[in-house]
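Step one of this worksheet: look at the structure below.
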Amino acid sequence: MFRRIIRKRRSAPTLAGISLEEELALIRVELMYGLRVNREAYLRRKVDERVEMTTRMREREPAEMLADLRGSLERSVRPTVVDLHSRRQARTSQDPEPA
């Protein structure tokens, strides 16, 4: 019965449609926070974001986009260097507990 309901509600995939995963996430937001999500506004925003992304991609070269992605990744993820040799020495210098 539930499969039949989901199958009937699921429309054909469109460029600006809400996927099943998105619909479930919106329902979760409504239930958890007691909010009402306007589906039409959500779809308009989704279309606007998609249009903005396509215009950004058309205006730039792939190498330039890749350099920007690398830069943003480097800024967001700080590499942590761990000196394993010094960690081992610190552990062995402590007296082990008697058996």
Side-chain angles (χ1 to χ4, degrees):
M1 180 177 154
F2 290 114
R3 288 184 183 176
R4 199 175 324 136
I5 292 170
I6 291 175
R7 219 177 287 141
K8 287 181 181 178
R9 281 192 68 201
R10 193 183 300 177
S11 60
T14 61
L15 185 64
I18 298 177
S19 68
L20 184 61
E21 291 83 9
E22 288 173 318
E23 181 67 30
L24 291 173
L26 293 174
I27 291 170
R28 182 184 301 149
V29 166
E30 290 178 342
L31 292 174
M32 287 177 65
Y33 300 107
L35 300 174
R36 181 73 183 136
V37 178
N38 185 349
R39 302 297 195 270
E40 291 177 22
Y42 177 81
L43 282 174
R44 279 195 300 273
R45 183 169 181 167
K46 186 176 174 181
V47 169
D48 291 344
E49 288 175 354
R50 191 174 302 233
V51 168
E52 181 183 345
M53 181 57 74
T54 54
T55 55
R56 280 186 186 178
M57 290 179 70
R58 286 184 188 144
E59 294 172 353
R60 303 173 68 191
E61 294 293 319
E64 187 181 345
M65 287 190 292
L66 183 61
D68 279 352
L69 284 173
R70 279 192 181 135
S72 64
L73 278 174
E74 288 171 359
R75 286 189 302 274
S76 65
V77 178
R78 299 282 179 218
T80 56
V81 179
V82 178
D83 185 8
L84 295 176
H85 186 69
S86 65
R87 287 183 136 192
R88 283 190 199 129
Q89 287 177 350
R91 287 185 185 160
T92 56
S93 65
Q94 297 173 353
D95 292 332
E97 293 184 18

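Just so you know, these numbers come straight off a predicted model, no measurement behind them.
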Tightest non-hydrogen contact, residues Glu52 and Thr55, listed as O-OG1, 2.8 Å
Atom pair CG/CG of Leu31 and Leu26 - distance to nearest 0.5 Å: 11.0 Å
Is it the case that more than 12 heavy atoms not belonging to Arg39 sit under 6.0 Å from its CZ atom? yes
Rounded at 0.5 Å granularity, tell me how far CZ in Arg44 sits from CG in Asn38. 6.5 Å
Going by an N to O cut-off under 4.0 Å, is there a salt bridge joining Arg70 and Glu74? no
Other residues, nucleotides and ligands only: do more than 12 of their heavy atoms fall within 6.0 Å of CD on Glu64? yes
In sequence, state the C-alpha distance, the side-chain angles, and the governing distance for Glu23 and Ile27, and then conclude on side-chain contact (heavy atoms from CB on, under 4.5 Å). CA-CA 6 Å; Glu23 181 67 30; Ile27 291 170; 3.8 Å; yes
Work out which heavy atom in Val37 is nearest to a heavy atom in Glu30; give both atom names and the distance. N-OE2, 3.1 Å
Through direct or indirect side-chain contacts below 4.5 angstrom among Ile, Leu, Val, Met, Phe, Trp and Tyr, which residues connect to Met53? Met57, Met65
